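Heavy atoms only: backbone and side chains are in, while hydrogens, waters and symmetry mates are out. From a predicted model like this one, the values you see are computed outputs, not experimental measurements.
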Amino acid sequence: GMMRNADELMQLMKQQIDRLLAGDEKLQQFLGWVQQKAGSIDAPYKPAAIRAFYFALDHSFFILNLIQEQGADSLSYALDLDHNLAFDHNLAFNRDLNLDLRLKVAFDRKRGHLDLALALVRNSKLQHGLQELKNQVPNTFEENRENFEQWWRSNGQTWTEQLQSLMIEHRNIEHDWQFTEAQKQLLQQYYDANKLLVDCLNSDCCVSRTVREAIEDTLLLPIENVAADG
C-alpha cells in the first residue's frame, strides 16, 4: 500500500509462487487436472475461481475466498463455508459445481448425502450407479447404528471404491493422488502463498489492470501454461 506502483512486486511474488511446485511432476499433473476439470465446467465465474474451487475440493483445503469477484457471491460463499454449511444452506450455484461438492461430501463421509447428489444428476448411468450404492446402505442406519457399523466394517471399503470409480468415470473427481507428506506440505505452502497474493491484489495497493489480469488469469495453473501465457 505504500508503493506508488506494486506491479513489479506482485509479478515477482507470482513468479516465486509458480516455482514452488515447478519441480514436482505429480504436483504439476494435479494442477493440470485442476485446469482440465475447471475448463469442462460452464459457469458464470472467472476460470481462476473455478480452478480454486476444484483445487480446494479435491484436497479439502476449502480455500477461503481465494478469488473475490462481483457477481460470484454464491461461489465465494461455498468456498467460505465447510461442507456441512454449504449443504444446509442449499446454495443455488452452478449445477455441476453443486453436484461435485455433494459427491465429495458423500465420499468423505462414506455414506449419506447421495439423495442430494441424485437430485442433481442428469447422467442416467451415474444416477443408476448412485442409486445402486444408496440401496446397499442399510435403511436402519439412524435406528440401529451398531448394525450399520457392523455392515460398514464388512462392506465399507468396497462401497467406497465403487463410489470413487463412479466419480472418476462420470465426474472426473476424487482421484487417488497418493501425495507424500512433503507434497502435501508443498500444496499447503502453495495455497498460503496464493492466498497472500490475492489478499494483496484485493488491498489498496496500486497495481495496473494489465498486471492484475495477467496474475488472475494464470492463478493455479501448471508452470508450462503460465510460461505460455507469459
Hey, does [Y] have a side-chain heavy atom less than 4.5 Å from the side chain of [X]?
X: Leu197; Y: Leu219; answer: yes
X: Leu21; Y: Leu187; answer: yes
X: Leu31; Y: Phe55; answer: yes
X: Glu174; Y: Leu103; answer: no
X: Gln15; Y: Asp18; answer: no
X: Val137; Y: Trp151; answer: yes
X: Gln188; Y: Gln185; answer: no
X: Thr218; Y: Asn225; answer: no

Between [X] (side chain) and [Y] (backbone), is there a donor-acceptor pair under 3.5 Å?
X: Trp159; Y: Leu133; answer: yes
X: Trp33; Y: Asn172; answer: yes
X: Thr158; Y: Asn155; answer: no
X: Arg51; Y: Leu221; answer: no
X: Lys134; Y: Leu118; answer: no
X: Gln28; Y: Gly23; answer: no

Separation between [atom1] of [X] and [atom2] of [Y], rounded to the nearest 0.5 Å:
X: Leu126; Y: Leu130; atom1: CG; atom2: CG; answer: 4.5 Å
X: Asn5; Y: Met10; atom1: CG; atom2: CE; answer: 10.0 Å
X: Asp100; Y: Asp96; atom1: CG; atom2: CG; answer: 6.5 Å
X: Trp152; Y: Thr160; atom1: CH2; atom2: OG1; answer: 3.5 Å
X: Lys14; Y: Asn194; atom1: NZ; atom2: CG; answer: 7.0 Å
X: Gln35; Y: Leu220; atom1: CD; atom2: CG; answer: 10.5 Å

Pair Gln183-Asp24, side-chain donor/acceptor within less than 3.5 Å: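 Side-chain D/A pair, Gln183 to Asp24: present.
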Pair Glu161-Gln157, side-chain donor/acceptor within less than 3.5 Å: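 The criterion, which ignores hydrogens and geometry beyond distance, is satisfied for Gln157 and Glu161.
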Closest non-hydrogen atom pair, [X] against [Y]:
X: Ala6; Y: Val207; result: CB-CG2, 4.1 Å
X: Lys26; Y: Gln178; result: NZ-O, 3.5 Å
X: Leu166; Y: Gly129; result: CD1-C, 3.5 Å

Reference residue His128; test side-chain hydrogen bond (donor to acceptor under 3.5 Å, both in side chains); the match among Glu132, Gln131, Lys125: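 Exactly one option meets the side-chain hydrogen bond (donor to acceptor under 3.5 Å, both in side chains) with His128, and it is Glu132.
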Co-membership, hydrophobic cluster, residues Val198 and Leu196, 4.5 Å side-chain: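 Hydrophobic grouping puts Val198 with Leu196.
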Cluster overlap Ile168 with Val34, hydrophobic side-chain contacts below 4.5 Å: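 No, no single cluster joins them.
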side-chain contact (heavy atoms from CB on, under 4.5 Å) against Ser208, all qualifying residues, sequence neighbours excluded: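 Listed in chain order: Asp7, Thr210, Val211.
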Heavy atoms of other groups near Gln136 CD, more than 12 under 6.0 Å: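 Buried by this count: over 12 neighbours within 6.0 Å.
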Geometric class of the Phe179/Phe30 ring pair [parallel <30°, tilted 30-60°, perpendicular >60°]: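 The rings of Phe30 and Phe179 stand perpendicular, inter-plane angle above 60°.
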Phe53 and Ile41: CA distance, side-chain angles, deciding distance, side chain to side chain contact (heavy atoms under 4.5 Å, CB included) verdict: CA-CA 11 Å; Phe53 177 85; Ile41 301 299; over 6 Å; no
